[in-house]
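One structure below.
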Amino acid sequence: MADDLDDVTDETSESSEAQIAVHWREEGLYPPPAKFTAQANASDPAIREQYTEDKFPDCFTAYADLLTWFKKWDTVLDTSNAPFWKWFVGGELNASYNCVDRHLEDKGNKAALIWVPEPEGEAHQAITYRELYVRVNEFAAVLKDLGLKAGDRITFHMPMVPELPVAMLAAARLGIIHSQVFAGFSGTAAGHRIADSGSTVLVTMDGYYRSGDLLDHKVKADEAVDAAAKEGQQVDKVLVFRRYPGQYSAKTPMVEGRDVFVDDLLAAHKGELVEPARLQATDPLFLMYTSGTTGRPKGCQHSIGGYLSYVAGTSKYYQDIHPNDTYWCLADIGWITGHSYIVYGPLALGTTSVLYEGTPNYPDAARPWRIAHQLGVNIFHTSPTSIRMLRKISPDGPKDFDIHFKHMTTVGEPIEPEVWRWYFEKVGKNEAVIVDTWWQTETGGFLGSTLPGIDPMKPGSCGPGALGIYPAILDEDGNELPAGSGKAGNIVIRNPWPGVFQTIWGQPDRFVSTYYAKYNKDPDSKDWRDWPYFAGDGATQAADGYFRILGRVDDVINVAGHRLGTKELESAALTVNEVGEAAAVPVVDDIRGRIVEMYISLKPGFEPSPEIEKKVSDAIVTDIGKIARPKNIWIVPDMPKTRSGKIMRRVIAATSNFTDTGDITTLANPEVVEKIRHQVQSAKVAKGEVPRELTETELAEIKTFGSE
Ligand code: WTA
């Protein structure tokens, strides 16, 4: 960010032009359905008064009170080491105890999790709180036996199977810090995260189903261990769950002395109980890696007490979870949404949380409706990418199914108002309330959302700040843009909240510089008011106070709700010998929101060829995973650059999106722009990949891409 000082003046004036040019169309409001409000956990608007700024931070004790504490906290919020906030200091608790043990007395025989395997011929598995208790304890006994203890890190590279929440809760029981890496990430990506976190144990599975195929997942464990070793981190044990216990579903051999089947280990610990450790509220619960502006992913460290309080409170008021609901969040536990709103939030409240192994459209578009109907799901939680896909392949939604959701969530990307309306009318049958929840890996839980029983909904806007969250929109100089100004700026949160991450694992300076330095005027200040949290999203605020999130302002591309750092994509491309320079840009896509296109220039002496394109694509899949595979790779004669040599990503982004490249006269090589435009656009025309006309929000994003 700060290393391109030459460009700062140019870029700032460009982005403010973009801001002024945008005119936000106001959408109509939808009142919450009366039937929903009548049963909602928050139905009286007076609840807001309990969370006004004068009641901060004590207002959040209402969230902490939803948990069972071994010892109550002494201090609600300690700001003495700002901005490393400490919540509920002196308090002692255990997340596993809160999600499992404490429900045994009155909900022991109730389903905690219902797991739905992808093959429809396989029956779903309901796991009661009592069974969960047994499984968590036995796996905790396995971990303890390996010598793992509080504060150690463990990496999971697990698919969507019940063994994953079991493993998380077992680690949490002992205070072992877990780091789950999305199963779709490559072995190498898992290896980088193992090394960064310093894990000596990797937990994986032999295989799992995805779109009808039983994938060999164990092979990635071998790649992960190698990648970690290259960074100096030795993995001593690889624990392999078996998709079908007693039978091995992978082709990759087990490594003698290192790899062990978990079902074999568990047999030795049958019925064993492990006391939940008394842990400090401020001890870390888990790490969740996310992408940023450098190639090194950020391990967002979340606390036990603050995080668990925040996800319990927001699950109660925003997901409106009651103990008798059947709640299905389609996210993956490899992303923060799954951690917070499949595992920790719903289980802390003692509800039934559904876990689905596969892809929603397998074997056909009606699969989600069959699952929802069969299990009696009444709260449905998914992303705009899934909603867009369902809208395309199942345009009538669950019309022919006796399904009545009371509540639906959209999360992870901006949702287009037409897509929102389809979700409301067809999936919710005009009777379900929708929350559009805006938040991040870093924030633990929701930051912006309507209160479902109280606030009217506005398609395309997340709503006001969540209870106790005070967002603001600031311009580059830190001036607040008032509500209704019609101008876009950077959304910040002016105050800390219990769910906020504690630091970036091993990179405290990066934590401060990325999230807090931008708007801090006094680095020595211990007053939280001096440390607005910079979210890295552009947004605008309407006169009614509702926020509309426009997307990332940093070099991150949000593909189907997955954050991919351009630097990570580019460093992967640069591992190919022929590649001289690489630049990744976002292209608007009707289903996945954004997709990635890569621009490559070759080292002297090499000629463009399909083989080089393939090498680049393979390198990205190997380093990151299939989700990052670029839609197109364009080998161009040269990159458009500023006179200081910086690649002008906004110019190539405009080319790929068929939008105006803007002023290019200040470039060092303006002539190359037309060449690239001709090359790329004629190829895209030939492939039928001409995008529709972009919305104003999309245009604004493309126009400013890479300007931070
Ligand atoms: C984007 C996912 C618009 C945003 C929970 C944010 C959203 C990034 C929304 C975080 C929303 C998330 N509307 N954009 N409702 N929710 N985003 O860390 O750009 O995977 O910064 O967390 O997704 O992605 P992450």
Side-chain angles (χ1 to χ4, degrees), residues 180-182 184-185 287-293 297-300 302 310-311 314 318-319 329-342 345 381-388 408-417 419-420 423 434-450 457-466 469 471 488 490-493 499-501 504 514-515 533-541 546-565 586 592-594 627 695 697-698 700-701 704-705 708:
Q180 153 68 3
V181 177
F182 174 54
F185 272 139
L287 307 179
M288 165 69 59
Y289 281 86
T290 190
S291 299
T293 44
K298 303 178 277 194
C300 297
H302 283 281
Y310 198 66
V311 296
T314 49
Y318 288 92
Q319 293 299 294
C329 171
L330 278 75
D332 195 290
I333 301 176
W335 306 108
I336 192 69
T337 304
H339 269 54
S340 299
Y341 299 111
I342 295 178
H381 186 154
T382 192
S383 65
T385 289
S386 301
I387 301 168
R388 290 185 209 106
M408 306 192 301
T409 301
T410 167
V411 62
E413 316 153 56
I415 186 165
E416 300 74 14
V419 177
W420 189 98
Y423 195 34
I434 295 182
V435 286
D436 179 347
T437 58
W438 168 69
W439 59 296
Q440 310 175 301
T441 304
E442 293 85 341
T443 73
F446 307 145
L447 294 179
S449 170
T450 49
M457 303 167 260
K458 193 197 281 186
S461 295
C462 66
I469 302 287
N490 294 317
I491 188 162
V492 299
I493 309 298
V500 69
F501 70 142
I504 302 176
T514 307
Y515 299 98
Y533 168 81
F534 173 66
D537 279 327
T540 172
Q541 189 181 21
Y546 278 30
F547 293 94
R548 179 161 164 172
I549 305 299
L550 305 175
R552 304 292 309 170
V553 298
D554 55 9
D555 289 342
V556 169
I557 306 179
N558 188 337
V559 178
H562 305 156
R563 281 159 70 178
L564 300 176
R592 297 162 72 79
R594 301 288 177 276
I627 44 162
T695 65
T697 329
E698 291 162 349
E701 179 190 321
T704 53
F705 186 73
E708 263 288 323

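Counting starts at 1 for both ligands and their atoms, in listed order. Being a predicted model, the structure only gives us computed values, none of them experimental.
An N or O contact shorter than 3.5 Å is missing between Glu442 and ligand 1 by distance. Between Asp436 and ligand 1, at least one pair of N/O atoms sits closer than 3.5 Å. Backbone and side-chain nitrogen or oxygen atoms of Asp537 are examined, and one is located within less than 3.5 angstrom of a nitrogen or oxygen of ligand 1.
Separating the OH atom in Tyr310 from the CG atom in Leu447 is a distance of 5.5 Å, to the nearest 0.5 Å. Atom CH2 of residue Trp438 and atom CZ of residue Arg548 lie 15.5 Å apart, to the nearest 0.5 angstrom. Put simply, CG on Asn558 and CD on Glu701 are 8.5 Å apart, with the number rounded to the nearest 0.5 Å.
Formation of a donor-acceptor pair under 3.5 Å by the Tyr423 side chain with backbone atoms of Thr409 is found in this model. Remark: side-chain polar atoms of Ser340 are paired, donor with acceptor, to backbone N or O of Gly444 under 3.5 angstrom.
One option in Gly593, Cys300, Gly412, Ser340 has a heavy atom closer to atom 9 (C) of ligand 1 than any other, and that option is Gly412. The heavy atom nearest to atom 10 (C) of ligand 1, considering only Trp335, Trp439, Trp438, Tyr341, is found in Trp439.
Gln180 and His339 form no side-chain donor-acceptor contact under 3.5 Å, judged by distance and modelled atom types alone. Side chain to side chain, Glu413 and Thr385 meet the donor-acceptor criterion of an N or O pair below 3.5 Å.
Between Phe501 and Tyr515, the closest side-chain pair of non-hydrogen atoms falls below 4.5 Å.
Residue Pro414 touches ligand 1 through backbone and side chain together, judged by heavy-atom distances below 4.0 Å. If you look at Thr441 next to ligand 1, the close heavy atoms, those under 4.0 Å, come from the backbone and the side chain alike. Neither the backbone nor the side chain of His562 has a heavy atom within less than 4.0 Å of ligand 1.
Taking every non-hydrogen atom of Thr337 and a distance limit under 4.0 Å, the qualifying atoms of ligand 1 come out as 5 (C). Taking every non-hydrogen atom of Ile549 and a distance limit under 4.0 Å, the qualifying atoms of ligand 1 come out as 3 (C), 14 (N). The Asn558 neighbourhood of ligand 1 comprises atoms 1 (C), 23 (O), with distances under 4.0 Å to a heavy atom of that residue.
Taking atom 13 (N) of ligand 1 as the reference point, the nearest protein heavy-atom neighbour is Glu413 O, 3.3 Å. Regarding atom 24 (O) of ligand 1, its nearest protein heavy-atom neighbour is Arg563 CD, 3.2 Å.
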Worksheet item: Stepwise, does the side chain to side chain contact (heavy atoms under 4.5 Å, CB included) test hold for Thr410 with Ile434?
Response: CA-CA 7 Å; Thr410 167; Ile434 295 182; 4.2 Å; yes

